[in-house]
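What's counted below: heavy atoms across the whole structure, side chains too, no hydrogens, waters or symmetry copies.
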Amino acid sequence: MSLQSINIDFSGEMKTIQGDVRMQGFGDAFKKAVIACLVVWLLGALSAIVPFIGWTAPFIFFALGPLAGVATYFMDRHEVKRVETQAICPQCDTSFAINESNFKPPMYGCCPECRTSYRVDI
């Protein structure tokens, strides 16, 4: 975890606070990309046993596998693994903890006391 600036927007009122943030690393994103490629290739291998479809579908799935891997990598590379911080609601002055994991910014929530909505961006 590293200490980073976290922007919280409480219905138009922007605040910047410090919090512990752990972003997904290159290895995690690459692992998800390889798994996506292998799943598409597995579908291609399974389609080879279907009559008539087996003549073309395996080649199509073989070509789509790397594309699925690259798309998965670029979609998941900015995922946040964990955020831990404290925020103070501007409406009711209640201090509350923000402990979230596995999300892509921005993340939405609401104050547990007065239900004022907020948006967290890293």
Side-chain angles (χ1 to χ4, degrees):
M1 295 274 235
S2 65
L3 198 61
Q4 291 186 9
S5 294
I6 300 171
N7 296 322
I8 300 181
D9 183 7
F10 283 98
S11 303
E13 187 175 331
M14 183 67 83
K15 291 185 175 188
T16 301
I17 59 175
Q18 296 292 315
D20 290 324
V21 178
R22 186 171 143 219
M23 300 294 287
Q24 176 170 265
F26 171 78
D28 294 331
F30 187 74
K31 183 171 70 173
K32 286 182 180 179
V34 168
I35 289 171
C37 180
L38 292 175
V39 166
V40 172
W41 282 354
L42 177 65
L43 291 174
L46 292 175
S47 69
I49 61 173
V50 178
F52 301 109
I53 295 175
W55 296 331
T56 57
F59 302 107
I60 293 170
F61 281 114
F62 184 74
L64 291 179
L67 294 175
V70 169
T72 301
Y73 172 77
F74 282 110
M75 287 173 39
D76 287 349
R77 67 184 172 150
H78 295 297
E79 186 174 297
V80 176
K81 291 298 249 183
R82 185 101 179 119
V83 171
E84 294 176 2
T85 189
Q86 291 283 332
I88 298 174
C89 178
Q91 300 294 325
C92 64
D93 292 327
T94 301
S95 178
F96 60 94
I98 298 175
N99 295 319
E100 296 292 331
S101 59
N102 298 327
F103 69 92
K104 294 177 190 167
M107 187 262 309
Y108 298 92
C110 61
C111 171
E113 195 68 31
C114 68
R115 297 294 185 211
T116 300
S117 63
Y118 63 84
R119 180 175 63 95
V120 176
D121 200 7
I122 298 170

> Measuring from Gln91:CD to Ser11:OG, what's the distance to the nearest 0.5 Å?
Replying inline: 7.0 Å
> Is a side-chain N or O of Lys15 found less than 3.5 angstrom from the main chain of Ile88, in a donor-acceptor match?
Replying inline: yes
>> Is any side-chain heavy atom of Lys32 closer than 4.5 Å to one of Val34?
In response: no
> Which residue pairs pass the side chain to side chain donor-acceptor pair (under 3.5 Å) test with at least one member in residues 36-64, sequence neighbours excluded?
Replying inline: none
>> Can you tell me how far apart CD (Glu79) and OG (Ser101) are? Round to the nearest 0.5 Å.
In response: 9.5 Å
>> Please evaluate residues Asp20 and Arg22 with respect to the criterion side-chain contact (heavy atoms from CB on, under 4.5 Å), reporting the C-alpha separation (whole Å), side-chain torsions for both, the decisive distance (0.1 Å), and the verdict.
In response: CA-CA 7 Å; Asp20 290 324; Arg22 186 171 143 219; over 6 Å; no
>> Is it the case that atom CZ in Phe30 sees more than 12 heavy atoms from other parts of the structure closer than 6.0 Å?
In response: no
>> Would a single hydrophobic cluster contain both Phe74 and Leu38, if residues Ile, Leu, Val, Met, Phe, Trp and Tyr are joined by side-chain heavy-atom contacts under 4.5 Å?
In response: yes
>> With clusters defined by side-chain heavy atoms of hydrophobic residues (ILVMFWY) lying less than 4.5 Å apart, directly or transitively, does Ile8 cluster with Phe96?
In response: yes
> Is Thr16 close to Ile6 at the side-chain level, that is, under 4.5 Å between some pair of heavy atoms?
Replying inline: no
>> On a heavy-atom basis, which atom in Ala36 and which in Thr72 lie closest, and how many Å separate them?
In response: CB-OG1, 3.3 Å
Could you list the donor-acceptor pairs under 3.5 angstrom formed by side chains in residues 105-115, with sequence neighbours left out?
none

> With side chains defined as the heavy atoms from C-beta onward, is the minimum distance between Phe103 and Val83 less than 4.5 Å?
Replying inline: yes
> Which distance, rounded to the nearest 0.5 Å, do you find between the SG of Cys37 and the CG of Leu42?
Replying inline: 11.5 Å
> Are any non-hydrogen side-chain atoms of Asn7 and Met14 less than 4.5 angstrom apart?
Replying inline: yes
>> Nearest 0.5 Å, please: how far is CG in Asn99 from CD in Gln86?
In response: 7.5 Å
>> Within the structure provided, determine whether Ile98 and Tyr118 are in side-chain contact (heavy-atom separation under 4.5 Å).
In response: yes
> Taking C-beta and beyond as the side chain, do Arg82 and Asn102 meet within less than 4.5 Å on heavy atoms?
Replying inline: no
> Same cluster for Ile35 and Val40 if Ile/Leu/Val/Met/Phe/Trp/Tyr side chains link at under 4.5 Å?
Replying inline: no
>> For Ile17, is there any backbone N or O sitting under 3.5 Å from a side-chain donor or acceptor partner on Thr85?
In response: no
>> Is there a continuous path of hydrophobic side-chain contacts, each under 4.5 Å between heavy atoms, that joins Phe26 to Val70?
In response: yes
